[in-house]
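Have a look at the structure below, then the notes.
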Number of protein chains: 2
Amino acid sequence: MSNRNIGIKDVAVAAGVSVTTVSHVLNEVSYARVSPGTKDRVRSAAEQLGYGPNRLARALRTQRTGMLGLVSEDIATTPHAGRIILGADEAAKARGYNLMIINTSASASLESREADVEALLERRVDGILYATMYHRNVELPANLGSVPSVLVDSVAAGGDITAVIPDEEGGARAAVAALLEAGHTRVGFINNTDDVPATHQRLRAFRATLSDAGLDGGAAPVESAVSEVQGGYEAALRILAREDRADVPTALFCYNDRMAIGAYRAAAELGLRIPEDLSVAGFDNQELIAANIHPGLTTVALPHYEMGAWATEHLIDAVEGKTDLSLMALHPTILGCPLVRRDSIAAPRA
Amino acid sequence: MSNRNIGIKDVAVAAGVSVTTVSHVLNEVSYARVSPGTKDRVRSAAEQLGYGPNRLARALRTQRTGMLGLVSEDIATTPHAGRIILGADEAAKARGYNLMIINTSASASLESREADVEALLERRVDGILYATMYHRNVELPANLGSVPSVLVDSVAAGGDITAVIPDEEGGARAAVAALLEAGHTRVGFINNTDDVPATHQRLRAFRATLSDAGLDGGAAPVESAVSEVQGGYEAALRILAREDRADVPTALFCYNDRMAIGAYRAAAELGLRIPEDLSVAGFDNQELIAANIHPGLTTVALPHYEMGAWATEHLIDAVEGKTDLSLMALHPTILGCPLVRRDSIAAPRA
DNA sequence: TTGAAAGCGCTAACAG
DNA sequence: CTGTTAGCGCTTTCAA
């Protein structure tokens with residue numbers, strides 16, 4: 001077990017060499033030439049004493065902490081944060097970095113978020129990841145710019161910072177395509193009412209996919225509501241309880257998994273069985289919901305883990321001078337949203 | 001915006017004083033006596049230059065980083081981690097501390113978890129929080145002991161480290177009591193098969209609560225299964241589909257919310273409506289599930305936020321010498337599990 | 001091959 | 001009331 005009170009100096013004394021030599025061998029400095037015997041003596045002395053480096057001192061000297069700051073909006077309110085953190089943590093760990101996490105809120109004032117970034121800056125993190133819990137436009141604290149940083153799951157209002165976001169359109173297209181492939185020709189879309197990128201992009205993809213398949217995308221039923229269970233329920237009812245039975249969709253694409261749950265309930269109340277009478281596709285792949293309802297919900301997964309990892313990977317590259325983030329800042333990087341197939345899609349009734 | 005390249009020395013020069021004075025006024029050192037005029041000059045010089053302290057240098061000097069390490073088991077697999085982190089982060093922030101987070105896995109080797117702790121130690125965190133994602137007995141990395149630390153949501157195999165855990169029995173008792181208060185006299189328990197403290201404690205509380213109410217706790221039906229939806233479904237079927245209808249419970253207490261979902265499904269298949277024909281109570285209060293199924297599930301909330309905050313609060317007290325953790329290590333601290341009432345409990349049919 | 005010494009930015013004991 | 005100075009533990013230049 002390593003001993004916090006042992007320094008390089010103690011190792012030097014024990015090994016009968018200078019601190020320089022200790023530093024050289026322990027860090028395997030390439031240009032330093034140390035005899036094998038000395039190396040051994042140093043290493044075993046270090047081992048013996050339970051020496052562990054003091055990263056603070058090293059950082060003070062090298063001007064590099066090996067720490068990345070992660071400011072995460074609303075860590076506890078969505079399960080997505082965990083996946084971003086995990087992706088970031090694993091990518092960081094793989095390259096010898098660690099994460100300092102600060103939680104903030106999307107509704108927090110710009111000053112308070114600036115203070116959060118300041119705390120990270122005072123600790124001299126090498127770079128900062130700024131993660132939001134859903135894809136949107138954020139107004140960033142100005143001091144973010146004083147260190148390399150990348151945005152996760154959102155784009156900056158100014159638009160001059162490297163960002164990584166999900167491929168909303170591709171994901172929506174995959175979901176609708178799955179519905180079409182199953183044979184459906186009348187599919188409805190239950191959309192969100194919030195003015196966020198996903199709302200518009202998923203709608204666009206919905207329409208385009210239908211059109212591409214030779215269906216009248218413009219005429220397909222779309223109902224919007226608050227993006228929660230209740231909204232999904234109401235919107236589904238509006239779509240499914242139409243007068244003209246012939247026109248009623250046999251499949252529903254839902255803005256997210258929570259709305260899909262609402263659709264499940266609406267279907268149950270109308271005596272429609274899923275997937276026999278109605279096919280449903282969701283978005284988000286919130287495991288807890290999608291895998292646990294019956295039948296399992298086919299839905300689109302958001303690449304939170306991947307975004308966290310990608311952002312960290314590139315942030316570290318920038319910190320180490322291997323990449324110029326400003327070159328990537330022009331356009332956000334878009335990561336795929338794979339379809340997760342479960343049991344909520346089947347062929348329509350003959 | 002603060003400038004990373006400005007040091008205390010630059011401020012001193014700008015204000016025409018010594019670094020000592022700058023340090024004294026910026027840190028509001030109590031014993032130092034500085035004239036108001038000088039104070040003002042120092043402060044405005046600092047402001048002007050955009051001075052921000054270098055916490056690394058300060059830490060190196062004071063032997064205190066103001067950083068707490070949080071090693072969290074399986075950050076992404078349960079939504080609980082987020083609440084622990086949030087509780088810890090807010091408590092830490094309130095006292096001027098920050099969190100370094102490292103993810104690990106319950107199934108990771110002792111060595112790998114020891115390496116995680118080592119990384120924290122090298123960064124000279126003042127203390128460590130070790131959080132697990134469900135209440136159990138853990139084998140802790142030995143190097144954890146070299147710095148003040150507290151366990152969140154579990155107790156140590158050795159039992160000599162301060163820990164905070166949920167009041168499983170109290171929570172279970174509250175849930176069963178709610179069922180009894182609604183008028184039920186035949187209630188069943190769908191339990192977990194895992195050998196974790198919760199399994200035994202919730203069962204004990206279930207039996208005790210029935211007995212205390214004058215019912216035959218020992219004879220109440222208990223079925224165990226894997227603590228997932230499917231297990232809950234199967235166990236519920238076993239309890240509800242008994243031959244002797246008179247004995248069939250009118251209420252079910254479920255080990256967790258996922259199993260409760262399974263019970264919902266079993267009830268639906270048997271033509272039992274919730275809560276009219278069957279009342280159900282869960283455990284965990286996984287918002288995503290409990291609030292989103294229909295009807296909303298009455299369940300017991302685990303105090304993850306509170307445990308995170310409590311642990312942090314006391315860890316900081318120990319770091320600052322205000323508490324002796326070893327005195328608290330004798331018995332784990334138990335935090336309440338409040339009942340969250342929704343719509344899954346009603347009076348039994350006449 | 002190895003070592004002496006400067007200095008990263010700060011705090012605090014001590015001196016004036 | 002204010003300043004000088006010695007480190008905190010490490011890396012790295014330069015010299016031997």
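Below, chains carry the letters A, B, ... as their sequence lines are ordered, and counting in each starts from 1.
Rounded to whole Å, atom P of C/dA12 lies 14 Å from atom CD of B/Glu28. Note: CG (A/Leu26) to P (D/dT11) measures 8 Å, nearest angstrom. The distance from atom CZ of B/Arg64 to atom C1' of C/dA12 is 16 Å, rounded to the nearest whole Å.
Counting only residues at least two apart or on different chains, the salt bridge (charged side-chain N to carboxylate O under 4.0 Å, His left out) pairs with a member in residues 46-74 of chain A are A/Arg55-B/Glu122, A/Glu73-A/Arg136.
If one axis is set at each end of the helix from C/dT1-D/dA16 to C/dG16-D/dC1 from five pairs, those axes are 50° apart, to 10°.
Within the 4.5 Å cutoff, side-chain heavy atoms of A/Lys93 are placed close to those of B/Asp116. Within the 4.5 Å cutoff, no side-chain heavy atoms of B/Asp153 are placed close to those of B/Met133. With a 4.5 Å cut-off on side-chain heavy atoms, B/Val125 and B/Leu120 count as touching.
If B/Val19 and A/Thr20 are placed on DNA chain C by their nearest nucleotide, the residue sitting closer to the 5' end is A/Thr20. The residue among A/Val29 and B/Lys39 whose nearest nucleotide of DNA chain D is located toward the 5' end is B/Lys39.
A/Asp10 is linked by a salt bridge (charged side-chain N to carboxylate O under 4.0 Å, His left out) to nothing, counting only residues two or more places apart in sequence or in another chain. Checked against ring-ring contact (aromatic ring centres under 6.0 Å, His included), A/His135 has no partners two or more places apart in sequence or in another chain. Take A/Arg124 and apply the salt bridge (charged side-chain N to carboxylate O under 4.0 Å, His left out) test, not counting sequence neighbours, and it matches no residue.
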Polar atoms only, N or O, under 3.5 Å: list the protein pairs with nucleotides 7-10 of chain D and their distances.
| residue | atom | partner | partner atom | Å |
| --- | --- | --- | --- | --- |
| D/dG7 | N2 | B/Arg61 | NH1 | 3.2 |
| D/dC8 | O2 | B/Arg61 | N | 3.3 |
| D/dG9 | N2 | A/Ala57 | O | 3.2 |
| D/dC10 | OP1 | A/Tyr51 | OH | 2.7 |
| D/dC10 | OP1 | A/Asn54 | N | 3.2 |
| D/dC10 | OP2 | A/Ile8 | N | 2.4 |

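A donor-acceptor distance shorter than 3.5 angstrom exists from the side chain of A/Thr65 to the backbone of A/Met67, with no hydrogens or angles considered.
At C/dT1, none of the side-chain N or O atoms of A/Thr21 fall inside 4.0 Å of OP1 or OP2 (strictly under the cut-off).
Closest contact between the side chain of A/Tyr31 and the listed nucleotides D/dT13, C/dT1, D/dT2 involves D/dT13.
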